[in-house]
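By convention here, the first residue in the shown sequence is residue 1. Remember, predicted model here, so these are calculated numbers, not experimental data.
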Amino acid sequence: MTAGLASVLAGSRLLPVLTVASAASAGPLADALAAGGARCAEVTFRTPDAERVVRAMAAHGALTVGAGTVLNAEQAERAVAAGAQFLVSPGLDDEVIVKAGELGVPVVPGVATASELMRALKAGLDTVKLFPAEPLGGTAMLRALAAPFPQARFVPTGGIGPDQLPAYLGHPSVLAVGGSWIATPGHLERRAHDEIRRLTAEAVERTAP
């Protein structure tokens with residue numbers, strides 16, 4: 001049986017969501033995240049170099065690295081071959097779920113409705129990504145979805161900033177929170193690694209029990 005995301009994250013409640021244009025940024029970025037206390041990261045498949053970024057960050061060894069914005073089975077296969085230890089999708093795609101099972105890695109599909117959540121649970125998954133969390137209604141939407149599905153665990157992502165972390169993490173159904181503010185493309189363009197380290201450390205402190 002494939003290990004769940006909770007096992008892969010090993011207690012980490014912060015999931016930095018990274019869109020990285022060049023693999024040359026991967027090493028310094030991993031250094032900054034690890035120095036700030038991050039233990040995992042999601043590299044989105046939104047750039048032509050994403051596969052190489054996953055490979056470089058996975059080889060770095062300081063973080064548990066997953067692939068995000070996985071839209072189809074072919075991307076899932078490439079991501080895992082590059083070293084991704086989990087997969088995240090913005091929506092619920094049956095082929096991605098099946099491929100993740102074949103590859104033996106956790107998959108976290110995005111859901112925005114109760115119907116999508118029911119499909120995910122029926123597929124044997126216990127963790128989903130509430131996306132886009134803030135535009136959907138934030139913690140009010142989270143509470144509304146969690147109430148009839150106490151077995152579900154959520155990774156809210158989308159529009160969340162550091163000020164919202166305590167509210168999300170205060171809900172018992174939330175496994176971790178994904179955030180892109182920690183290391184934006186702008187940070188990477190400026191090589192603002194000290195700022196990334198600071199933002200990471202502040203977020204890690206906010207997620208501490």
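- Partners of Arg190 under the salt bridge (charged side-chain N to carboxylate O under 4.0 Å, His left out) rule, at least two apart in sequence or in another chain, are Glu195.
- Between the NE2 atom of His193 and the OG1 atom of Thr200 there is a distance of 11.0 Å, given to the nearest 0.5 Å.
- Interatomic distance, Phe154 CZ to Met141 CE, rounded to the nearest 0.5 Å: 9.0 Å.
- Thr127 pairs by the side-chain hydrogen bond (donor to acceptor under 3.5 Å, both in side chains) definition with nothing, not counting sequence neighbours.
- The cluster map of Ile, Leu, Val, Met, Phe, Trp and Tyr, joined by side-chain heavy atoms under 4.5 Å apart, puts Met57 and Phe45 in the same cluster.
- Put simply, the side chain of Arg13 gets close to the backbone of Val174: a donor and an acceptor are under 3.5 Å apart.
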Applying side-chain contact (heavy atoms from CB on, under 4.5 Å), run through Ile160 and Val177 and close with a yes or a no. CA-CA 8 Å; Ile160 298 172; Val177 175; 3.8 Å; yes
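- With hydrogens and angles ignored, the 3.5 Å screen pairs no side-chain donor or acceptor of Glu205 with any backbone N or O of Ala201.
- Ile196 has its side chain within reach of Leu188: a pair of non-hydrogen atoms, C-beta onward, lies under 4.5 Å apart.
- By the 4.5 Å heavy-atom criterion applied to side chains, Ser22 and Val20 are not counted as neighbours.
- Within the model, atoms CG of Leu145 and CE of Met118 stand 11.5 Å from one another, a figure rounded to the nearest 0.5 Å.
- Applying the salt bridge (charged side-chain N to carboxylate O under 4.0 Å, His left out) rule to Glu189 yields no partners; only residues at least two apart in sequence or on another chain are considered.
- In this structure, Glu42 CD and Lys129 NZ are separated by 5.0 Å, a value rounded to the nearest 0.5 Å.
- Contact check for Thr184 versus Thr19: no side-chain heavy atoms found under the 4.5 Å cut-off.
- The shortest non-hydrogen separation linking Ala26 to Ala56 is CB-CB, 3.6 Å.
- Between Leu121 and Gln151 there is a side-chain heavy-atom pair separated by less than 4.5 Å.
- Side-chain contact between Leu117 and Val128 is present, with at least one heavy-atom pair separated by less than 4.5 Å.
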Which atom pairs, one a donor and one an acceptor, fall under 3.5 Å between side chains of residues 62-78 and the rest of the protein, sequence neighbours left out?
unit_1: Thr69; atom_1: OG1; unit_2: Arg46; atom_2: NE; d: 3.1
unit_1: Asn72; atom_1: OD1; unit_2: Glu74; atom_2: N; d: 3.2
unit_1: Asn72; atom_1: OD1; unit_2: Gln75; atom_2: N; d: 2.8
unit_1: Glu74; atom_1: OE1; unit_2: Arg78; atom_2: NH1; d: 3.3
unit_1: Glu74; atom_1: OE2; unit_2: Arg78; atom_2: NH1; d: 3.3
unit_1: Gln75; atom_1: OE1; unit_2: Leu71; atom_2: N; d: 2.7
unit_1: Arg78; atom_1: NE; unit_2: Glu51; atom_2: OE1; d: 2.9
unit_1: Arg78; atom_1: NH2; unit_2: Glu51; atom_2: OE1; d: 3.2

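- A distance of 13.0 Å separates NE2 of His187 from OG of Ser25, quoted to the nearest 0.5 Å.
- In terms of modelled atom types and a separation under 3.5 Å, the side chain of Thr139 and the main chain of Leu142 share no donor-acceptor contact.
- Taking hydrophobic clusters as Ile, Leu, Val, Met, Phe, Trp and Tyr residues chained together by side-chain heavy-atom distances below 4.5 Å, Val155 does not share a cluster with Leu169.
- Using a 4.5 Å cut-off between side-chain heavy atoms of Ile, Leu, Val, Met, Phe, Trp and Tyr, with links allowed through other members, Leu29 and Ile182 fall into the same hydrophobic cluster.
- For Asp49 (side chain) and Arg52 (main-chain N/O), no donor-acceptor pair under 3.5 Å exists by modelled atom type.
- Minimum heavy-atom separation, Ala38 to Pro16: CB-CG, 4.3 Å.
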Step by step, would you call Arg119 with Asp94 a salt bridge (Lys or Arg N to Asp or Glu O under 4.0 Å)? CA-CA 9 Å; Arg119 281 181 56 204; Asp94 294 333; 3.1 Å; yes
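- At a threshold of 4.0 Å, the pair Glu202-Arg198 counts as salt-bridged, since one of the basic side-chain nitrogens sits closer than that to a carboxylate oxygen.
- Considering Leu15, Val80, Val107 in turn, Leu15 is the only one that fulfils the side chain to side chain contact (heavy atoms under 4.5 Å, CB included) rule with Phe86.
- Taking both residues in full, the closest heavy atoms of Ala82 and Ala58 are given as O-CB, 4.2 Å, listed atom of the first, atom of the second, then distance.
- Within the 4.5 Å cutoff, the side chain of Asp31 has heavy atoms near those of the His60 side chain.
- A distance of 12.5 Å separates CG of Leu5 from CZ of Arg153, quoted to the nearest 0.5 Å.
- Remark: Gln85 pairs with no residue by the side-chain hydrogen bond (donor to acceptor under 3.5 Å, both in side chains) rule, at least two apart or across chains.
- Side-chain contact check for Glu134 versus Tyr168: some heavy-atom pair is nearer than 4.5 Å.
- Nearest heavy-atom pair, Cys40 versus Leu9, reported as atom, atom and distance to 0.1 Å: SG-CD2, 3.8 Å.
- The closest side-chain heavy-atom distance from Ile97 to Leu92 is below 4.5 Å.
- Note on residues 159-173: pairs passing salt bridge (charged side-chain N to carboxylate O under 4.0 Å, His left out), not counting sequence neighbours, are Asp163-Arg206.
- If you chain together hydrophobic residues whose side chains sit under 4.5 Å apart, Leu18 and Leu14 fall into the same group.
- Follow the hydrophobic side-chain contacts under 4.5 Å out from Val43 and you never reach Val17; the two are in separate clusters.
- For the pair Thr207 (side chain) and Val204 (backbone), a donor-acceptor distance under 3.5 Å is present.
- Counting all heavy atoms, side chain and backbone alike, Ala203 lies closest to Trp181 at CB-CZ2, 3.9 Å.
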